[in-house]
Amino acid sequence: MKSTLEIAIREPLNFTRFIKRVIKGLIALGFMGIILVLMSNIWIVFSTENYNYYNIENLPSNDFALVLGTSKNVTKGKENLFFRYRIEAAARLYHEGKVKYLILSGNHDSIFYNEPADMRQALLKLGVPYDVMILDFAGFRTYDSIVRCKKVFNQQKFTIVSQPTHNARALFLAQHLGVDAVAFAAQDVPSGYKTYLREYLARPKAILDVYFLESQKYN
């Protein structure tokens, strides 16, 4: 039989070994998470790069454009340049005859926050006619916007409008939802590193959506 002294000596050693194993496990999980994010980004970017257009002259024409929503302002009422450049890109598509109608899809979760209405007001100021704009108030996520454009607005072929990094994820979702989509890249915002970080982290979720989480709901 082991003495009390022997047990007392070994218990701290076992606890220390357990903590080391936990730490190693967490490090391994963190490393796997980083690899997953990197691989997801590589997959989405390379599978969509031929459909993400930066030059409007080379962009194929479509009847409809899907303009993905974002907030008009950021903290302290400062102008959100992602919004501004996205609106300018959508207006340019219309004025140059690349699209005939604009579906403005975004979040409208209260009377104080209405992305589609804000987009419409901004586009009116840029000379886009009221009657060519269709508002989708339930575009809470990019996935929702793509699905609703196909299912609710009956569009199987359209042009997506957003910044290049966002376009890549939107195109990936569209492809796996059976949509014939291209995208027009709005001007980037060099200082928007927080937005880009969120986008990089959102791409693994996009893969989960199309293959596991949402695939049965909309197919």
Side-chain angles (χ1 to χ4, degrees), residues 24-56 58-60 62 64-70 81-83 85-86 89-90 93 98-99 103 105-107 136 138-153 155-219:
K24 288 180 180 179
L26 291 174
I27 292 173
L29 286 174
F31 181 75
M32 290 175 62
I34 292 171
I35 294 298
L36 175 63
V37 171
L38 290 174
M39 294 304 295
S40 298
N41 277 270
I42 290 170
W43 181 5
I44 287 177
V45 169
F46 279 92
S47 66
T48 61
E49 62 179 349
N50 292 332
Y51 304 92
N52 203 353
Y53 288 81
Y54 295 78
N55 189 324
I56 197 168
N58 297 331
L59 177 72
N62 277 321
F64 284 82
L66 174 65
V67 187
L68 298 174
T70 187
L81 292 179
F82 286 96
F83 178 92
Y85 296 152
R86 210 171 292 183
L93 286 182
K98 288 295 183 175
V99 298
I103 298 175
S105 183
N107 190 353
D136 173 21
F140 301 109
R141 301 185 303 147
T142 303
Y143 192 95
D144 297 330
S145 295
I146 300 293
V147 167
R148 287 176 58 78
C149 193
K150 177 183 178 181
K151 299 286 187 178
V152 177
F153 300 102
Q155 299 304 312
Q156 307 288 332
K157 187 174 185 286
F158 51 82
T159 301
I160 298 166
V161 183
S162 189
Q163 271 70 30
T165 51
H166 190 193
N167 279 345
R169 176 163 59 96
L171 283 166
F172 178 83
L173 293 170
Q175 290 172 357
H176 289 273
L177 287 165
V179 173
D180 182 7
V182 293
F184 181 56
Q187 183 177 335
D188 251 329
V189 181
S191 60
Y193 60 92
K194 291 182 180 179
T195 299
Y196 296 127
L197 177 60
R198 287 196 298 270
E199 184 59 43
Y200 296 143
L201 296 177
R203 288 172 177 173
K205 177 63 163 53
I207 293 172
L208 289 175
D209 276 338
V210 299
Y211 287 109
F212 303 104
L213 301 179
E214 303 285 353
S215 59
Q216 298 304 315
K217 186 184 296 185
Y218 294 106
N219 289 336

So, for [X] and [Y], which heavy atoms are closest and what is the spacing to 0.1 Å?
X	Y	answer
Ala90	Val161	N-CG1, 4.0 Å
Ala186	Pro164	O-CD, 3.5 Å
Pro60	Val182	CG-CG1, 4.3 Å
Ile44	Ala206	CD1-CB, 4.4 Å

Would you check if [X] and [Y] make a side-chain contact, meaning some heavy-atom pair closer than 4.5 Å?
X	Y	answer
Thr70	Thr195	no
Ile207	Phe172	yes
Gln155	Lys150	no
His176	Ile146	no
Tyr200	Thr165	yes
Thr159	Tyr53	no

**Asked** Short question: side chain of Asp136, backbone of Ala138 - any donor-acceptor pair under 3.5 Å?
**Response** yes
Per side-chain contact (heavy atoms from CB on, under 4.5 Å), Leu171 is matched among Asn50, Asn52, Val45 by Asn52
Partner of Ser162 under side chain to side chain donor-acceptor pair (under 3.5 Å), picked from Arg86, Arg169, Glu199, is Arg86
Spacing of [X] atom [atom1] and [Y] atom [atom2] [to the nearest 0.5 Å]:
X	Y	atom1	atom2	result
Leu81	Gln163	CG	CD	9.5 Å
Leu66	Phe184	CG	CZ	15.0 Å
Lys151	Gln156	NZ	CD	8.0 Å
Leu68	Ile160	CG	CD1	6.5 Å
Lys194	Leu197	NZ	CG	10.0 Å
Leu208	Tyr143	CG	OH	11.5 Å

* Would a line drawn from the ring center of Phe82 to the ring center of Tyr196 be shorter than 6.0 Å? -> yes
